[in-house]
Amino acid sequence: MQRTLVKDALNSTGPIDTILLQGWVRTRRDAKAFSFIELNDGSCLKGMQVIVDATLPDYAAVNRANTGASVSVRGKLVESKGGGQKWEVIAETFAVLGEADTDYPLQKKGHTMEFLREIAHLRPRSNLFGAVFRVRSRLAYAVHQFFQERNFHYVHTPIVTASDAEGAGDMFRVTTLDLANPPKTENGEIDNAEDFFGKKTFLTVSGQLEAEIFACALSNVYTFGPTFRAENSHTSRHASEFWMIEPEVAFCDLQGDMDLAEDFVKYLIRDIREQCAGDLEFFSKFVDKDLLTRLDFVLEKPFVRCSYTEAVEILEQSGKTWEHPVAWGDNLQSEHERYLTEEHFKCPVTVYNYPRAIKAFYMRQTDGCAPGRETVAAMDLLVPGIGEIIGGSQREERLDKLKAGMALHHLDEKNYWWYLDLRRYGSVPHAGFGLGFERMLMFVTGVANIRDVIPFARTPGTAEF
RNA sequence: UGCCCGGUAGCUCAGUGGCAGAGCAGGUGACUGUUAAUCACUUGGUCGCUGGUUCGAUCCCAGCCCGGGCAGCCA
């Protein structure tokens, strides 16, 4: 007999004579003549109430159906006599497939997120994490849907790379050399030519440069994959391994880039709002009371756009005392970004045209800047509660300017020969951005810590699962 | 990496320089179309580790380990 998912059974339009449900026991309440069992199979937040009558030949098994046990139930789907649920299942056969010892750590009552992180192998069975990871799955689907609907092509950029990309952060080394006894050159230095790839290799920090290659061939592309940063960051919004979405668009300028970013973020929110309504309701009840109003607000209002120079003026005139001083030429600090999006504009803000000196070498120099006020066509999208969720730019398509940018950042042209070639052969204006997938997921669910939106989070010192 | 907070029962936490506490979970029994059921009884401790101060340390001090927050780095 075909198994029915709890989700489908709960959505049934009428009673069903025989139905097979399989899942895990959330709670059991025994009465004299029968037992109530709440069965959850992860297909949705809610479970199905199962009633096992004491006269049933299988009733002895109920005793072993503790919280956490896996069970298989065949029976009738009928309208519930009790309040609290529309449908329930009257069991005809009942079997425990896998018992759960009484030390099953997931209790029916309050756990801290910190404790649940330590049982990452069991936490998906909790209401909260079940919901988080269903939303994560749907959000990934929506990412592809957004780009595929717009004729973007999905490019798989390498995970192991020899280029340190943009200096986006410290990198994890990839090697097969014997660390205890590495081959040495005549100078006594480690001989990287002997390594697996014949040179030093790392885990990628960004697929952007490779995505640019494909944008300069397929026009509209995006990457969506894992990225790695070996930064010793201890914050609620940084992970050593995270997923990033990086669209790259040929024949596109900064304006188009900002438009795309705004459309993208709104599309994702709208999709989750519609497709994961039950899970979002749960988050708004137990995680973040303002979640739904904030998401709806973001959908309705156009994002504010504000140049870096204007932002600096706003911060200077705010009357606030800053822990980090505000000055044109310095990076905006977290407290500044938070003020802009949470207090001043009270909505998502795209800040653009940042000082050239503090941004990456590949960003396009703005023409006609006042001396000492040189900027590049960079943009950051800031959202309330999280801060930076997107960072992007129009790329420098002019060979001489790109070389100047590399010189400014003390980069060796030899390492970027293929990147420079893109400007030699049919160069076009192009732009793109990176969206932190987990940060978007935090925004959409209201979950405050990035470790709780990744199935198995990697942070400094932690890789248990 | 810097600053700050925490570590006591399986979980969430209280507490004290002098016999280690509660709620929940677990166990036993009762009761009930129950809803994180309810009621009664009950098991359960290396008070993070190491050292120091003290007649006596879970409590005070130092070092270390672990968890968390904020900042920097960024997505």
Side-chain angles (χ1 to χ4, degrees), chain A residues 26-38 46-53 66-68 78-85 88 90 100-119 122 126-127 165-170 205-208 224 226-246 261 286 322-324 330-338 358-360 380-383 386-392 433-443 448-454 459-462 464:
Chain A
R26 278 293 170 80
T27 77
R28 189 182 92 217
R29 294 175 290 273
D30 296 325
K32 193 169 244 169
F34 50 85
S35 292
F36 295 105
I37 287 169
E38 193 190 329
K46 289 197 167 70
M48 176 66 79
Q49 174 159 286
V50 174
I51 293 167
V52 190
D53 198 276
N66 294 325
T67 300
V78 301
E79 283 195 44
S80 177
K81 278 189 243 169
Q85 61 280 318
E88 63 189 19
I90 310 291
D101 285 348
T102 52
D103 59 2
Y104 182 63
L106 269 184
Q107 298 168 12
K108 296 173 218 170
K109 219 163 185 165
H111 293 295
T112 59
M113 302 292 256
E114 290 78 16
F115 171 69
L116 291 167
R117 269 171 222 153
E118 290 169 9
I119 51 166
L122 297 172
S126 68
N127 282 333
E166 13 162 344
D170 291 334
V205 294
S206 165
Q208 179 201 315
F224 183 13
T227 41
F228 307 87
R229 306 265 168 104
E231 304 284 353
N232 195 8
S233 297
H234 293 267
T235 81
S236 53
R237 58 189 194 286
H238 289 87
S240 312
E241 176 181 316
F242 63 98
W243 283 57
M244 189 154 63
I245 297 128
E246 296 178 288
F286 294 105
W322 304 108
E323 194 180 326
H324 304 269
D330 290 346
N331 235 323
L332 298 182
Q333 306 295 313
S334 280
E335 57 174 337
H336 307 142
E337 295 182 340
R338 247 185 291 119
I358 58 169
K359 286 293 182 179
D380 281 355
L381 175 57
L382 315 174
V383 296
I386 293 171
E388 184 177 343
I389 197 168
I390 280 179
F433 62 80
L435 170 81
F437 184 63
E438 282 80 10
R439 288 194 183 168
M440 188 66 206
L441 197 51
M442 290 166 73
F443 187 69
N449 196 308
I450 198 166
R451 299 183 214 7
D452 300 322
V453 297
I454 304 180
T459 52
T462 305
E464 178 68 20

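First the proteins, then the strands, lettered A, B, ... as listed; each starts at 1. Quick note: numbers below take in every heavy atom, side chains included, and nothing from hydrogens, waters or symmetry partners.
By the 5.5 angstrom centroid cut-off and the 30-degree plane limit, A:F242 is classified as stacked against the base of B:rA75.
Atom C1' of B:rU1 sits at a distance of 32 Å from the matching atom of B:rU8, rounded to the whole Å.
A:T102 comes within contact range of the sugar-phosphate backbone alone, with a heavy-atom separation under 4.0 Å but no base atom that close. At a threshold of 4.0 angstrom between heavy atoms, the contacts of A:F36 include nucleobase atoms, whether or not backbone atoms are also involved. Looking at heavy-atom distances under 4.0 Å, A:H234 makes contact with a base. Among the atoms of the strands shown, none is found under 4.0 Å from any heavy atom of A:R26. Among the heavy atoms of the strands lying under 4.0 Å from A:G83 is at least one base atom, whether or not backbone atoms are also near. Across all strands shown, A:D103 has no heavy atoms under 4.0 Å from either base or sugar-phosphate atoms.
In this structure, A:I389 atom CD1 and B:rC74 atom C1' are separated by 13 Å, rounded to whole Å. Put simply, CZ on A:R237 is 12 Å from P on B:rC74, counting in whole angstrom units.
Between B:rG33 and A:K81, no contact under 4.0 Å exists linking OP1 or OP2 to a side-chain N or O. The phosphate of B:rC70 has neither OP1 nor OP2 within less than 4.0 Å of any side-chain N or O from A:S334. Taking 4.0 angstrom as the limit, A:R338 places none of its side-chain polar atoms (N or O) nearer than this to OP1 or OP2 of B:rC70. Dashed line: the shortest gap from a side-chain N or O of A:T462 to OP1 or OP2 of B:rG67 is under 4.0 Å. Here A:N66 does not reach the OP1 or OP2 of B:rG26: none of its side-chain N or O atoms lies under 4.0 Å away.
Taking the syn range as angles within 90° of 0, the glycosidic angle of B:rC19 is syn.
Shown here, B:rC39 forms a base pair with B:rG29; the pair counts as Watson-Crick or G-U wobble because both key distances fall under 3.5 Å.
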Is there any protein nitrogen or oxygen under 3.5 Å from a nitrogen or oxygen in nucleotides 37-47 of chain B, and what are the pairs?
residue	atom	partner	partner atom	Å
B:rA37	OP1	A:K108	NZ	3.3
B:rA37	OP2	A:T27	OG1	3.4
B:rA37	OP2	A:R29	NH1	2.8

